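Only a predicted model underlies this, so the values are computations on that prediction, with no experimental measurement involved. Letters go in sequence order (proteins before strands), and every chain restarts at 1.
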Amino acid sequence: MRVTTPPVISAQNLDLTFTTNDGPVHALSDVNLDIHKGEFVSFIGPSGCGKTTFLRVIADLESPTGGTITVDGTTPHQARLNRAYGYVFQAAALYPWRTIEANITLPLEIMGFAKTEQRERAEKALALVDLEGFGKKFPWQLSGGMQQRASIARALAFDADILLMDEPFGALDEIVRDHLNEQLLKLWDRTNKTICFVTHSIPEAVYLSTKIVVMSPRPGRVTDVIESTLPKERPLDIRESPEFLDIAHRVREGLRAGHAYEEAV
Amino acid sequence: MRVTTPPVISAQNLDLTFTTNDGPVHALSDVNLDIHKGEFVSFIGPSGCGKTTFLRVIADLESPTGGTITVDGTTPHQARLNRAYGYVFQAAALYPWRTIEANITLPLEIMGFAKTEQRERAEKALALVDLEGFGKKFPWQLSGGMQQRASIARALAFDADILLMDEPFGALDEIVRDHLNEQLLKLWDRTNKTICFVTHSIPEAVYLSTKIVVMSPRPGRVTDVIESTLPKERPLDIRESPEFLDIAHRVREGLRAGHAYEEAV
Amino acid sequence: APALSADELTLQLKWVTQAQFAGYYVALHEGLYEAEDLDVTINPGGPDIAPPQVIAGGAADVIVEWMPAALAARERGVPLVNIAQPFARSGMMLTCRADSGVSSPEDFPGETLGVWFFGNEYPFLSWMSQLGIPTDGGDEGVTVVRQGFNVDPLIQGQAACVSTMNYNEYWQVIDAGFSPDDLVVFNYTDQGVATLEDGLYVLEESLEDPEMVDKLTRFVRASMAGWTWAQENPEEAAMIVLEYDQTGAQTEAHQVRMMGEVNNLTAGSTGVLDVAAAETTVDSLLFGGDDPVITERPTGAWTSVVTDGL
Amino acid sequence: MGLTGTSLLWAALAFWIVAWAANQRLAGLNLSGAPKVLINLLIPVLFGATLLVLWEGITRGLDVPQVVMPPPSMVWERIVSSTDILWADFQQTFLKAVIAGYVMGCGLGFVVAILVDRSPFWKAGIMPVGNLMSALPIIGIAPIMVMWFGFDWPSKAAVVVVMTFFPMLVNTLAGLNASGQMERDLMHTYASSYPQTLIKLRLPAAMPFIFNALKINSTLALIGAIVAEFFGTPIVGMGFRISTAVGSLNIDLVWAEIFVAALAGSLTYGAIALIERRVTFWHPSNRRAR
Amino acid sequence: MFARSILPILTVLFIILAAWYAGTVALNWRIEAERFERMGLEKSTMEMVQATMAMDRPILPAPHQVWSEFQVSVFGRDPSSPRSLVFHAWITLSSSLVGFAMGTLLGILLAVGIVHSKVLDKSLLPWIIASQTIPILAIAPMIIIVFSTLGVQGLIPKAFISTYLAFFPVAIGMTKGLRSPEAMHLDLMHTYNATRSQTFWKLRLPASLPYLFASMKIAVAISLVGAIVGELPTGAQGGIGARLLNSSYYGQTIQIWAALFAAAFMSALLVYAIGWIGTFVNKRMGAREASV
Ligand SMILES: Nc1ncnc2c1ncn2[C@@H]1O[C@H](COP(=O)(O)OP(=O)(O)OP(=O)(O)O)[C@@H](O)[C@H]1O
Ligand SMILES: Nc1ncnc2c1ncn2[C@@H]1O[C@H](COP(=O)(O)OP(=O)(O)OP(=O)(O)O)[C@@H](O)[C@H]1O
Ligand SMILES: Cc1ncc(C[n+]2csc(CCO)c2C)c(N)n1
Ligand SMILES: [Mg+2]
Ligand SMILES: [Mg+2]
């Protein structure tokens, strides 16, 4: 339906091999994937299958050793210089010497926003992740979940069109996670951002995404791309619907196939 | 049904307040709970509700500030001296300078087992968690999941009747987790141990337990105790049965009630 | 065996092993101490070894020390007594560069002078106080710097004059390419402020014990024999010193030359202290200034009970 | 002799035991807030007092000659009576040589580290050579510096510069690499410029290391300056005084100077540690549990 | 390997050498010029440059002068003769190794005490720090004298000074190391009802070893400095320090530099050796192989 516009992220025959001191590690092999504007794409797969690596290639944090990738129609490098994306790391990676607010304004300072705008945006971002009133605290004074939300706020603050999120909710309990999932869906709905989302949880992937990319390790390949048939409007209890369970089942099957090799080391 | 024998663990009006430099933290409040021999009890609740604290009280790693608790009919202190339980921590906590085997024999060394018996028991424990052949490896040569299994083997090695497990599978992906859940159930079935198991995952709690304890934070209280009606024999696809979903629903409701206050910090 | 029953005695030198102490090394090496039934241990000194402290701590029986330092220590409560004086003359000088414009003591004010401290500063201080020159800088006075271990300050022009011994540092200046004409030398003896150097001192309590006095007498006798030997065989004596030098920094030529100069200072000494010279030393230390080296005339700072027995 | 002699020694030993027991008690107390701070100060002070009493008791009780080791009471008298000398020496050695050398040495080490850090090539070249240089015993450097920079305090400052330069260089370089990969990647995703990353990430992350070097250097600098004064000085300065006082058997003055040195060193160290606490308040070693 | 580590070192060394030669000419120029002037000689610039690099007692000797002195006094002489640097290096090495061993032991004991006793923890640390602000060279002569009063001479007093310097980094590092096990690892021992000594031997000690080796590297370097300092007051009894001092006393700059380099070289070797032992032990303890 959206295929008329060019994809926001497009990978062709992408290949990435790390050279380590005990031989090369083939982290990504022949990955082909198009992601269009406004899509919510989840990446799922066993540990070490290359999910993080793929996100890092998009973010110009790794250079592919083969194939091509474009982001926003240009190279990842140019896209990074254009500040085309916000990145949420697997861990919160907040700077302990900055308050939560100062952590959120960090990218804004670097990108040269005015002081007042910095403050405004930080406030808005804090509100988005339900952290009003915690701006003056230091990271270690917050729980792990709150820290993770602060790091999401930081990625949201400068309002890039692409959001790259690497297992942002890994450390949270199910209820908080559900809540943040809902919030994220709302945000995505409202802003029409393109979101790439790595997760280990099948229900989470199914609940959030318009497209689920299943990967398998050694070398990291895309084994399945599942387009979700769920509606855009998704109450939490959609997760008990047969359609949901169906997609979840398909994802689980795809994953199990990947595991057939032997379990990840 | 089993109420004729005295409970293995019994808490009455248990209370625990931490004094910290910014005021007291009420971690456990008026907890009443009986756990009988051979039960598999899961603790579930939002972050910071006192699950770990409760396990630590049983293990004599914290002293309650009110109420009473007996373990094996005696005080937790005496029970610890009797080496009545094995404890599996939230992280694997293997000693990096010891091989997997030496990690498993660590408690045996301390408890003064004979060398040959140490080796035998280590071998048996390794087999129990599917780690035959990895005894001579060092922890970092194993994946996170394998490390966690090694730490379970370590707790099993000295064959205590009580097993305290604090989110042992938190860091694993779903497929590996399912596998370990199955193994754990088999072990429990075979040995008739009493298991206290902390988890964040509702399906996991429901799948494993004979009894699910739902807790809520601030102060940590037991809000619901759900006796499972599932049979002892539990194939993985029992999780798609209506009975299972029913219990899961009840747990989720209990949890949500706990969250109503405000989310955990 | 005599070696077993020999009386033990420890001698603490004032400085490192060099021809300045040749008499003692010769006596040790040639068996002169052994002949007196003595088992002598010679401990070399160094820049931070204060022999009076060593003897007060009980780590030596006899020390080689300059009389000003010994008298100063006496005032500080270490009852040192001179028992013999092998050095009849003083070898201390102040050596100046001719190109610094210093040709007489009147030229000192405003100049920078290098001085040894650590108990060796007393002759200089008493000389300056006799001249009435303050030593705390300024146009009227001289700027004193604590000279390090060598004569580099003079060679490099950091000081107009430095302290030298005529048997040692003076020759280092010459070796560095200065000819005697490039230098102006103030000999402390010529300036009338000679002080006695390199005497043998013990604690008062040693002299209360007749046996110890006998031991010391034998020691002084053997040591003086060593000095005489050194007078007669300067080159061999220098070689003996080199043999005892554990640092390997000394050179043969230097030690032979030093031996010659030192022999000039010990010439004619029998070990007996010249009381007149000692009184001169005391006078020059007591004299002048608001800050004399010693405050009152010492009593009992020297004795002849040991040399009487020679 | 009566009371002096051995009874004094026994009294000192008794005091030691009593003080130890008192400390055992104090350390066992479970307090918080102001009393706790007080106790934490009191315990080491009591411990120090014990050492002094033992020292006094042993020197007096065993009749140790005061030219070998004077009792602390005598040292104290000397401190009080010679404040002018001590102050002049302190000025010469500490206020001039140590501070100048410390500031220059640490500053230079810091600047060079920042410059070198940009180039792996220079880093790979300078680090091993730097390690070798910091292994040079400074006693050897001191006479050379006196030769080069003259007798007054600049030569002492130069020794201090040499001594403090390498610890600062090595620590700053290590500190600049202390920021985590993920934190640096974060900056990279913002397309942050080099100076921005330096100021906003790498320097703050390096602070614990830099303060480590500042602390090490604060004791090194004092020792270095004093030692350097053994190789030629004008006739003022702590090292000068110590060595001449040994020569003239004013051992009480020696200990008075040592006291001043230890006091100055400890206070400097304490001050830097205090600043460190304020600057690196965020570091896990400085913050109490949540 | 070459481009990544050797080439940069060579480049830096080359720059140092170049600066050194330049410094030789610059620093020695005036004295040579004055000397020739006193001798009434006229010299060309080239001759002057050569002269500055061939002085007997230069302010700064040229690298090749130092090197040839080093070679001669290390390889060219009987190692048992006091003229050989090997002779002196051995004297210094033996007392610094003894001091290092004692310092390490003392540091470990203090750390064990601090970790296990609340009183020691609270009372000792400030004084351990204060002890290091005492200028050791100032008391070195007195230590030598106090020891000789007790009848102990030679190696032990020097080793004591090394001990005094070396115990500090070990005590600090080891305290940190013994406290490095995470709470969880300690709790684990607690659940086994392990005794204090079991916890020490099976947990605290192995966990502290990396810290121990890191601080031993610092300690071995400064124990060498301590031994050299201890040799200064007893100037005539051999050792690198005595050599330095006597060379200085006789203005033998070239000898000073050669001795200095011998000391630096020895110290680098010791540090390297400790590092090597540390790596070996670490490997035996199953540490990950370092990537570099
Ligand atoms: N910098 C690197 N150097 C060498 N190998 C690397 C590097 N980064 C990742 N790898 C390897 O590449 C593979 C893919 O890693 P990646 O981090 O992308 O996995 P992942 O899917 O994100 O796993 P997880 O779920 O555990 O986060 C792994 O085998 C990993 O060990
Ligand atoms: N040693 C301690 N000192 C002070 N407060 C503590 C301590 N340990 C735990 N707490 C507090 O007690 C409460 C309960 O903590 P606990 O670790 O038992 O939670 P939990 O249920 O295990 O949470 P999680 O799911 O995050 O592991 C929390 O608010 C926590 O901050
Ligand atoms: C730091 C230092 N102090 C004193 C002397 C002087 N000194 C002591 S004994 C003696 C006679 C031997 O030449 C001399 C000159 C020195 N050179 N260096
Ligand atoms: Mg990843
Ligand atoms: Mg917990």
Side-chain angles (χ1 to χ4, degrees), chain D residues 20 23-24 26-28 39-40 43-48 50-51 68-69 120-129 131-141 143-144 147-148 218-219 222-223 225-227 230-231 238-239 242-243 246 251 254 257-258 261-266 268-270, chain E residues 3-13 15-16 27 59-60 117-127 129-139 141-142 145-146 149 168 218 221 224-225 228-229 232 240-241 244-245 248 253 256-257 259-261 263-268 270-271:
Chain D
W20 181 263
N23 263 350
Q24 196 87 38
L26 288 175
I39 294 275
N40 281 348
I43 291 176
V45 167
L46 204 55
F47 181 82
T50 318
L51 290 185
V68 172
M69 180 73 102
F121 182 85
W122 288 116
K123 211 157 41 179
I126 284 183
M127 288 298 278
V129 177
N131 279 326
L132 189 76
M133 298 291 259
S134 56
L136 277 180
I138 61 118
I139 312 97
I141 299 173
I144 293 167
M147 225 184 266
W148 290 0
S218 72
T219 55
L222 189 60
I223 294 176
I226 288 177
V227 169
F230 278 60
F231 294 80
M238 301 167 81
I242 287 172
S243 85
V246 171
I251 310 299
V254 175
E257 292 281 355
I258 290 174
L263 190 68
S266 303
T268 316
Y269 190 97
Chain E
R4 282 222 343 254
S5 63
I6 311 246
L7 188 65
I9 296 178
L10 287 181
T11 314
V12 169
L13 285 179
I15 290 173
I16 289 178
L27 283 165
I59 291 192
L60 177 59
S117 152
K118 228 172 164 178
V119 189
L120 287 182
D121 176 24
K122 294 199 167 174
S123 53
L124 220 48
L125 209 60
W127 293 104
I129 291 167
S131 78
Q132 298 301 303
T133 63
I134 291 179
I136 184 68
L137 188 71
I139 47 173
M142 284 194 275
I145 286 168
V146 169
T149 304
F168 180 67
I218 304 172
L224 192 70
V225 171
I228 291 173
V229 166
L232 291 183
I240 295 272
L244 273 173
L245 184 87
S248 169
T253 346
I256 298 183
W257 282 86
L260 259 181
F261 273 89
F265 191 66
M266 200 153 76
S267 148
L270 288 177
V271 172

Got a second to check how far [X]'s [atom1] is from [Y]'s [atom2], nearest 0.5 Å?
X        : Y        : atom1 : atom2 : answer
E:Asp121 : D:Ile43  : CG    : CD1   : 9.0 Å
E:Phe168 : D:Thr219 : CZ    : OG1   : 6.5 Å
E:Thr11  : D:Trp122 : OG1   : CH2   : 6.0 Å
D:Ser218 : E:Gln132 : OG    : CD    : 11.5 Å

- Message: Please classify the contact between D:Ile126 and chain E as side chain, backbone, both or neither, with a heavy-atom cut-off of under 4.5 Å.
- Response: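 For D:Ile126, the contact with chain E is made by backbone and side chain together.
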- Item | chain E contact via D:Ile251 - side chain, backbone, both or neither, heavy atoms under 4.5 Å | side chain
Toward chain D, the part of [X] with a non-hydrogen atom under 4.5 Å:
X        : value
E:Ser131 : neither
E:Leu125 : neither
E:Leu27  : side chain
E:Ile16  : side chain

- Item | For E:Ala130 against D:Ser266, the heavy-atom pair lying closest together | CB-OG, 3.5 Å
- Shortest non-hydrogen separation from E:Ile134 to D:Ala262 and the atoms involved: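 Shortest heavy-atom separation between E:Ile134 and D:Ala262 comes out as CG1-CB, 4.2 Å.
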- Message: For chain D, which candidate among E:Leu60, E:Leu270, E:Ile15 shows the most heavy-atom pairs at distances under 4.5 Å?
- Response: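 Among the listed options, the one with the most contacts to chain D is E:Leu60.
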- Message: I'd like to know whether D:Phe47 forms a side chain to side chain contact (heavy atoms under 4.5 Å, CB included) with E:Val119, so could you lay out the CA-CA distance, the side-chain angles of the two residues, the decisive distance to 0.1 Å, and finally the verdict.
- Response: CA-CA 9 Å; D:Phe47 181 82; E:Val119 189; over 6 Å; no
- Query: If you count heavy-atom pairs under 4.5 Å between each of D:Gly270, D:Gly48, D:Pro44 and chain E, which one has the most?
  - Reply: D:Pro44
